[in-house]
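What follows is a set of notes on a single structure, which appears directly below.
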Amino acid sequence: MARTIRKFFEAVGLMHRGRVEEEADSELHRLIEAVEQHPDETASGTITLTIKVQKVGDRIDCSPQIDMKPPKKKGFKACTFWIVDGALSVEHPSQQDMFGPRDTARRDTA
């Protein structure tokens, strides 16, 4: 009598002689490490297992794909500028700077 598989994770464990399960374990470890090392107080990522099931004649082919998305890096905050004469300025056009215009060139502080 033929062995039947009715459990999802049993089928995944058999795919590619256990290598799919091993890769999923490895990706989970990488994701946990990435979340743990993320500088923000809260961070999240995802692991997605996609199994394409295709009928080919009298058989079924299952093609697994594992994707891991680590937490996103923290983006930059907004930087405010004003438009003066069609260009960007760090000074509000209706406020006078009593010290004159500021130098906007990048300075080395070292």
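Just so it is clear, the model here is predicted, and its values are computed rather than measured.
- With sequence neighbours left out, Glu21 forms a side chain to side chain donor-acceptor pair (under 3.5 Å) with no residue at all.
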Pairs under 3.5 angstrom only: tabulate donor-acceptor contacts from the side chains of residues 5-15 to other protein residues two or more places apart or in another chain.
residue, atom, partner, partner atom, Å
Glu10, OE2, Arg3, NH2, 2.7

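- Applying the side chain to side chain contact (heavy atoms under 4.5 Å, CB included) test to Ile60 and every residue at least two apart in sequence or in another chain returns Val53, Lys55, Cys62.
- Residues satisfying the side chain to side chain contact (heavy atoms under 4.5 Å, CB included) criterion with Ile66, sequence neighbours excluded, are Val20, Glu23, Ala24, Glu27, Ile47, Leu49.
- Membership of an apolar cluster is not assigned to Val84, as no side-chain contact below 4.5 Å to another ILVMFWY residue is traced.
- Annotation: side chain of Pro64 is in contact with side chain of His16 (closest heavy-atom distance under 4.5 Å).
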From CA spacing to verdict: side-chain contact (heavy atoms from CB on, under 4.5 Å), Leu88, Trp82: CA-CA 6 Å; Leu88 299 176; Trp82 288 269; over 6 Å; no
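- In this structure, the salt bridge (charged side-chain N to carboxylate O under 4.0 Å, His left out) partners of Arg59, at least two apart in sequence or on a different chain, are Asp61.
- The CE atom of Met68 sits 3.5 Å away from the CZ atom of Arg30 when rounded to the nearest 0.5 Å.
- Of the inter-residue distances, the one linking Lys69 atom NZ with Ser44 atom OG reads 12.0 Å to the nearest 0.5 angstrom.
- In terms of heavy-atom proximity, Gly45 sits nearest to Leu31 at CA-CD1, 3.7 Å.
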